[in-house]
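Comments concern the structure below.
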Number of protein chains: 2
Amino acid sequence: MSKDRPYSALVQRLKGAGLRPTRQRLALAKLLFEAPGGCDRHITAEQLHAEAVGDSVRVSLATIYNSLHQFTTAGLLREVVVESGRSYFDTNVSEHHHFYFENSGRLQDIPGELVQLDRLPTPPDDTRVARIDVIIRLQDAE
Amino acid sequence: MSKDRPYSALVQRLKGAGLRPTRQRLALAKLLFEAPGGCDRHITAEQLHAEAVGDSVRVSLATIYNSLHQFTTAGLLREVVVESGRSYFDTNVSEHHHFYFENSGRLQDIPGELVQLDRLPTPPDDTRVARIDVIIRLQDAE
DNA sequence: ATACTTGCAAATCGTTTGCAATACC
DNA sequence: GGTATTGCAAACGATTTGCAAGTAT
């Protein structure tokens with residue numbers, strides 16, 4: 001993995017989330033949150049694993065899954081399910097929605113403000129809204 | 001399977017969808033579309049298989065999957081993905097959205113009119129909106 | 001020191017596939 | 001009869017687990 005300055009920021013981020021800054025978690029956090037060319041990544045476990053391996057980070061797939069879920073639980077990531085059997089992890093945890101390109105399987109963020117969601121039905125008794133997902137599924141033009 | 005009058009309506013429905021009204025497809029269609037107590041079912045392949053078996057309908061799980069997908073392609077069903085690794089098939093194919101009870105894994109329809117979806121972003125070039133899914137994820141009350 | 005993490009390999013889950021046997025038109 | 005459909009069992013991909021070995025505080 002391309003080592004450079006101390007991971008102080010990432011270490012803080014992990015500690016703040018209650019996660020021990022282990023070698024693997026740091027490397028994955030670096031790949032996820034400090035990817036060259038900005039943020040907002042939508043990545044699967046397999047993809048992240050491939051990236052890690054390609055970057056000479058030794059991590060097992062099991063640890064990738066563990067870490068992704070831990071990051072998600074800690075609020076550092078958000079899981080997006082578009083198709084059965086494929087989970088994307090989104091580095092953008094602010095309120096937003098998604099375009100889903102059905103042909104390529106690609107996901108693209110839509111800023112929260114761009115979708116006006118009013119006149120929602122009241123949630124049933126004894127429940128609270130945990131999250132609202134809007135997925136706009138796209139196909140090739142007609 | 002509780003046999004009674006001829007399946008004429010179901011036969012028509014299948015034929016109209018370009019599907020041969022085989023014994024299995026008829027039985028599944030009956031379970032899906034003529035369930036006692038109204039429509040709007042959200043069912044998984046495994047659940048439908050269990051229902052069929054419980055109703056003494058001999059169908060293999062493979063055929064359940066085949067049929068569900070054929071019905072979906074034909075527009076008789078709609079597939080809804082809420083969690084990775086679990087597909088629900090919805091007998092309501094009109095425009096609508098869903099409440100998802102994260103605790104029970106249950107899905108509930110929200111009539112299309114109850115959600116005001118305006119000011120949507122314009123889809124990227126060379127694409128058209130195939131469908132918009134709104135899923136309101138619910139947890140137990142605070 | 002000790003509790004938390006990791007890696008591995010096997011297990012599991014939902015779903016799909018290949019293909020011979022069978023049912024529909 | 002000829003094609004579509006089915007069942008079975010094996011194959012599959014994604015994800016999870018159990019547990020021994022390693023690591024952070």
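The chains referred to below are lettered A, B, ... by the order of the sequence lines, with proteins before strands, and numbering in each begins at 1.
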Report the nucleotide, chosen from [options], that has the shortest atom-to-atom distance to any side-chain atom of [X].
{"X": "B/Q24", "options": "C/dG14, D/dG7, D/dT16", "answer": "D/dG7"}
{"X": "B/R20", "options": "D/dT25, D/dT15, D/dA4", "answer": "D/dA4"}
{"X": "A/N66", "options": "C/dC25, C/dT6, D/dT15", "answer": "C/dT6"}
{"X": "B/L61", "options": "D/dA24, C/dT15, C/dC24", "answer": "C/dT15"}
{"X": "B/R25", "options": "D/dA4, D/dG7, D/dT15", "answer": "D/dA4"}
{"X": "B/H69", "options": "D/dA4, D/dG7, C/dT16", "answer": "C/dT16"}
{"X": "A/A62", "options": "D/dT17, D/dA24, D/dA14", "answer": "D/dT17"}
{"X": "A/A45", "options": "C/dG7, D/dA14, D/dT15", "answer": "D/dT15"}

Looking at [X], does any N or O in its side chain come under 4.0 Å of the phosphate oxygens OP1/OP2 on [N]?
{"X": "A/T44", "N": "D/dA14", "answer": "no"}
{"X": "A/T22", "N": "C/dT5", "answer": "no"}
{"X": "A/Y65", "N": "D/dT15", "answer": "yes"}

**Donor-acceptor under 3.5 Å (A/H49 side chain, A/V59 main chain)** = yes
**Asked** Using 30° and 60° as the class limits, which term best fits the ring planes of B/H69 and B/Y65: parallel, tilted or perpendicular?
**Response** tilted
**Request:** Would you classify A/H49 as touching base, sugar-phosphate or nothing, given that sugar-phosphate means primed atoms plus P, OP1 and OP2, and contacts are heavy atoms under 4.0 Å?
**Result:** nothing
**Item:** Test side chain to side chain donor-acceptor pair (under 3.5 Å) applied to B/H97 and B/D133, step by step
**Value:** CA-CA 6 Å; B/H97 303 293; B/D133 286 337; 5.8 Å; no
**Asked** Any chance CZ of A/R131 has more than 12 other-residue heavy atoms, nucleotides or ligands included, within less than 6.0 Å?
**Response** yes
